[in-house]
Amino acid sequence: MRVHGTKKKRLEEVLEGIWTLREAGGCTLEELHAQTGEPITEELLEELQAEGMVRLRGEEVELTEKGERLAREVVRRHRLAERLLSDVLELSESVAESHACEFEHLLSPEATDSVCTFLGHPPTCPHGKPIPRGECCSKLRKEVHPLVTPLSELEVGAEAKIVFISPRRHSTLDRLASLGVVPGSTLKLHQRSPAYVIRVGELEVALDPEIAGEIYVKAAVKQKHH
Amino acid sequence: MHCHGGGAEAPEARSRIALVGNPNVGKSVIFACLTGRYVTVSNYPGTTVEVARGTARFNREVEVIDTPGINDLIPMSEDERVTRDILLDGVDVVLQVADAKNLTRALMITLQLGEMGIPMVLALNMIDEAAARGIKVNARRLEEVLGIPVVPVIATQRKGIGELVASLSRARPSKFSFTYPPAIEEAVREVEALLHGRGNRALALMLLAGDESLSAWVHERLSGEEIERIERLRTRLERRFGRLPYNLARERHRVAEEILKGVLTRVLTRHSTESHSLLVRLGWLTMHPLYGIPILLLVLLGMYEFVGVFGAGTLVDFFEGVVFESYINPLATEVVYRLTDVELVRELLVGEFGIITMALTYSVAIILPIVGTFFLAFGILEDSGYLPRLAIMTNRIFRFMGLNGKAVLPMVLGLGCDTMATLTTRILETKRERVIATLLLALAVPCSAQLGVILGMLASLGAEAALVWGGTVLLVLLGVGFSAGRLLGGERTDFVLEVPPLRIPQPGNIVMKTLARIEWYLREAVPLFVLGTLLLFVLDLTGALGLIRSAASPVVVSMLGLPPQATDAFIVGFLRRDYGAAGLFALASQGMLSPLQTVVALVTITLFVPCIANTLIIVKERGIRVAAAIIAFIFPFAFLVGSLLNFLLRSLGVSF
Ligand SMILES: Nc1nc2c(ncn2[C@@H]2O[C@H](COP(=O)(O)OP(=O)(O)OP(=O)(O)O)[C@@H](O)[C@H]2O)c(=O)[nH]1
Ligand SMILES: [Mg+2]
Ligand SMILES: [Zn+2]
Ligand SMILES: [Zn+2]
C-alpha cells in the first residue's frame, strides 16, 4: 500500500463510512459528509478517486473493486474489534467503541483472522451489523483453538459462559434477554435433540437448533475432582 | 378466612390491585386465595391469557385483577400486551408474584415496575421449591434494598397469604433506582420532558425501545412532530448501542444480579439436589430424543384407555344404554303421556327429535361422560408439566407447518375445547402464526366431546377404520398447515420456550378445574343441544327437513355416499360438531351406516365448520374478515375431503 500514516487512516475512515451508509440503503455525498466526524475535504475525495478506490456518479458515491476490498477489510477489523472489546474484555460501550476505531487501522490480516477464529467467527457485531467474512471463516482450520464457540458445538452436559448472542432475528434477542439468557450468564447444555434445552440458573429453556448456533459461549474449565 | 382484620383499611374505595409477574409463577393460585374465585391454574407458561377480575375477600371495596404472565413490560405477544395495557390504564397497587427460585427474572420486572412508580408489594412464591433446591432468600434484606414489602409465600399451601394481605397497606413505589448508560439517560430525560407528565420514565423507555404495540397510544396523545423527535432519538441510540430492548433488559439483568448478591444464599450445590430427585430425572426422560417417544406413546395410550375406552365405552354404555334407555326415557315418556295428550308436546319432549329423548340423552348420557373423563385426564397432564415437554417433542412437526413447538399448546387445548384454545393462540408471537393455528383448530382439531364419540364408533369398526380416519385427519392437518404457512408467507418465529419443572398434580386443583370445565361445558353445550333439537323438530314438523335433505342430497347422498338422514347430523353440526357426531352415532347404532359410510361421515364431521361459540371467538380475536375466510374455506373443503375419501375407498374396494 502506498498511502501511509494518518492519511491512510483517514482514507480508511471514509471507506468505512461509505460501506456503512451503503448497508443502510445508499451513499450520497451529503450523507457521507454528515456521517464521518471530520469534514471530507475535496482533496481526500480526489485522492480516493486517484487511488482508484471510489468513483462518483452524480451525487452517489460508489466503491470500485479495489475500494470495496479495502473497505471490507476495515469494516471487518472494526466489528471484530468491537466484539472482542465489548464481549470478551467487557469494556464499556464508549471505551470499546473508541478502541475499536483504533484497532481497525492496526490489525494485520493474520491477526484479524486469529481474532475472528478466537471469537468463533462471529457473524455480526454487537450492533447487529454483519461482519464481512474472512478466509478463516470458510476454511475449517483448527490450528488456533477457538476461545468462543457456538452453543451448538458444546458437549452435552457441559457448562459454559455466554459471550455474545448474534441472532438473525432481533426479537429473539429480546426474548432471550427477558429470560435471563444474556452475555455473562452461565448455562448448562442438557440436550440437543429434538430441541436444544439449556439451563440458566434454575430456569430451563428449550431452543431451536438455529438459535443454539447463534449463542456464542466460552466453555467453562472442567474441574473433575470427585 | 383471615381476611376481615389487619391491613384491610389501606386500599381506599374501589381500588384495584393487579397481580403481575413472570409466567407460571402462581399468580392465578394467589388470585383464588385473595378472591375465592377459581381461575384455571396449570403448570405451563401461558395458562392465563385474559384478565380475570374478582372482589377481594378481605375488603369488598377492592378489586383484584389476575393477568397473563409477562417477561418484560414491552410485550412480545398478545397475552403479554393485555397485562401491559392494564398497567398503563393505571392500577392502585401492583402485587408482583415472583418465583423465589428464579429471582433474577422477577427482579427484572420489579425494576421496570419501579420505573413506572406504581405502589407495589412483592410476593416471593414457591418458597418450598426454592428451599428444595437449596436456595434461601433473605426477604428482610430484599425489602430494605427495594423499599417495598417483600413477603415469602407458598400459595399452593396457603402459607403467607395472611401476611401478604396485611402487607398491602404498606405498598409503595420502589425506592430503588439505577441508571442506564449516560447517552440513554439523556434521551430518557428528553422524552420525559416531551411527554409533560403524560407518561413516566418507564413509558419513555418503552417509547425509546421502539415498542410497536404502543403506536395507537402514541398517535392518540402526541403530535407528529413529537413522534418524529422520539423516533430520531431512538435511531440514534440504536445505532450506537444496537438493539435497544435487549440492551435495556441486559442492563436490568446486571442490576438484578447485583441486588441478589446480598440476598440469596445457596445452601446446597445444584448437583446434589438435581440428581436425587426422581421427578427431575423423569422430566429429562420425557423430552429425551429416544425415551421421550415411548413416553409420549404411553401418555396417548393412557388417554385413549381412560377417555376412549372407559369414558366413551363403559360409561356411555352405562348412561345411555342403562340409565337413559331403560329408566329415564321410558319414565319420562310415561310421565309426559300422562300429563298431556297434545301430540305436539309429546313429540317435542319425548319424540324422535324430543328435548329429553334427544337433547338430554345426547348431552348428558353420551357427551358428558366423555368430556368429564377427558377433562380429568387432561387436567392431570396439564398440572404435571408435561405439555411444554410435548412442545419440545413435536417442535419439528410444527416447524414443517410454519409454526413452532409452542403452537402445540393451543392445539392440545383444542382437544378439550376449540373455543378456549383459540383464545390461547394469543401466546403465539406473530399474527401469521395465530391465523394458521386458528385455522387448524377450526378445521382439524376435534374437541374431546367429538373425539370421544368418534373413538367410540371407530372402536367397534376395528383398527383399520381408525387408521384411515386418523390418517386422513392428520394428513389434512399437515397439508393445510403446510400450505397455509407457504401461502401466508413470512417467517416462522424462533422456538424459545421455558420448561417448568415436572410437578405432582394437586388433587384439589384437578377436581376444581375439572368441575369448572364440566360446569362450563354444561352451560355452553346443553342450551345449544336443546336449540339444535328444537330446530330439527321444527324443520321436521314443517316438512322443511325433507326439503333440505333432498336439496343436500347431491352432496350427502351422491358425493359422500351417505343416507339422506345423515343431513340432520350436519345441520346440528352447524351448532356444535360434537352434536353432529352424536347424531351420526345414533344413526350408526340404528344400523343405518355401513362401516365405510361411518368412516366417511366421521372424517367429514371432524373437518366440519367450527361450532358457534368458536366462530364467535374467531371473529373477536382475528376479525370478521379472517373468520369469514376460514369458514368459507372449511365448509366446502370438509365435503371435498369426505367425497374424495368416499371415492377412493370405494374404488379401492375397501369396506372394513
Ligand atoms: N410448589 C409450588 N407450586 C406452586 C406454588 N404456587 C403455584 N404453584 C404451581 O405453579 C403452577 C402455576 O401456577 P399458576 O397460578 O397457574 O401460575 P400463573 O402465574 O397464573 O401462570 P400463567 O397464567 O401461565 O402466567 C401450578 O402448577 C401451581 O400448582 C407454590 O407456592 N409452590
Ligand atoms: Mg394464571
Ligand atoms: Zn458495530
Ligand atoms: Zn473467521
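Just the heavy atoms: all of them, side chains too, but no hydrogens, waters or symmetry mates, feed the values below. Quick caveat, the model's predicted, so the values are computed rather than measured. We name chains A, B, ... by the order of the sequence lines, and we start the count at 1 in each one.
The shortest distance between side-chain heavy atoms of B:Trp284 and A:Glu204 falls below 4.5 Å. Side-chain contact check for A:Gln191 versus B:Ile392: some heavy-atom pair is nearer than 4.5 Å.
The candidate from B:Gly292, B:Pro388, B:Gly242 with the greatest count of non-hydrogen atom pairs under 4.5 Å with chain A is B:Gly242. Options B:Asp494, B:Asn71, B:Asn102 differ in how many heavy-atom pairs under 4.5 Å they form with chain A, and the most are formed by B:Asp494.
Within a 6.0 Å radius of NE2 in A:His127, more than 12 heavy atoms belonging to other residues, nucleotides or ligands are found.
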Checklist line | Worked verdict on B:His253 versus A:Ser178 for side chain to side chain contact (heavy atoms under 4.5 Å, CB included) | finding: CA-CA 8 Å; B:His253 183 268; A:Ser178 71; over 6 Å; no
Check: Checking side chain to side chain contact (heavy atoms under 4.5 Å, CB included) for the pair A:Val205/B:Val499: CA distance, chi angles, key distance, verdict?
Finding: CA-CA 6 Å; A:Val205 185; B:Val499 190; over 6 Å; no
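For A:Val182, the part lying near chain B is the side chain, with the backbone staying farther off; criterion is any non-hydrogen pair under 4.5 Å. Only the side chain of A:Ser185 comes within contact range of chain B, judged by heavy atoms closer than 4.5 Å. When heavy atoms are compared at a cutoff of 4.5 Å, B:Pro245 approaches chain A by way of both its backbone and its side chain. When heavy atoms are compared at a cutoff of 4.5 Å, A:Arg192 does not approach chain B at all. Contact of A:Leu173 with chain B is made through backbone and side chain together, with heavy-atom distances under 4.5 Å. Contact of B:Met76 with chain A is made through backbone and side chain together, with heavy-atom distances under 4.5 Å. Contacts between A:Val181 and chain B at a heavy-atom distance below 4.5 Å are absent for every atom of the residue.
In summary, B:Glu429 and A:Arg175 engage in a salt bridge, as defined by a charged side-chain N under 4.0 Å from a carboxylate O. A salt bridge between A:Glu202 and B:Arg266 is present, with a side-chain N of the basic residue lying under 4.0 Å from a carboxylate O of the acidic one.
Between the side chains of A:Asp208 and B:Asn404, not a single donor N or O lies within less than 3.5 Å of an accepting N or O.
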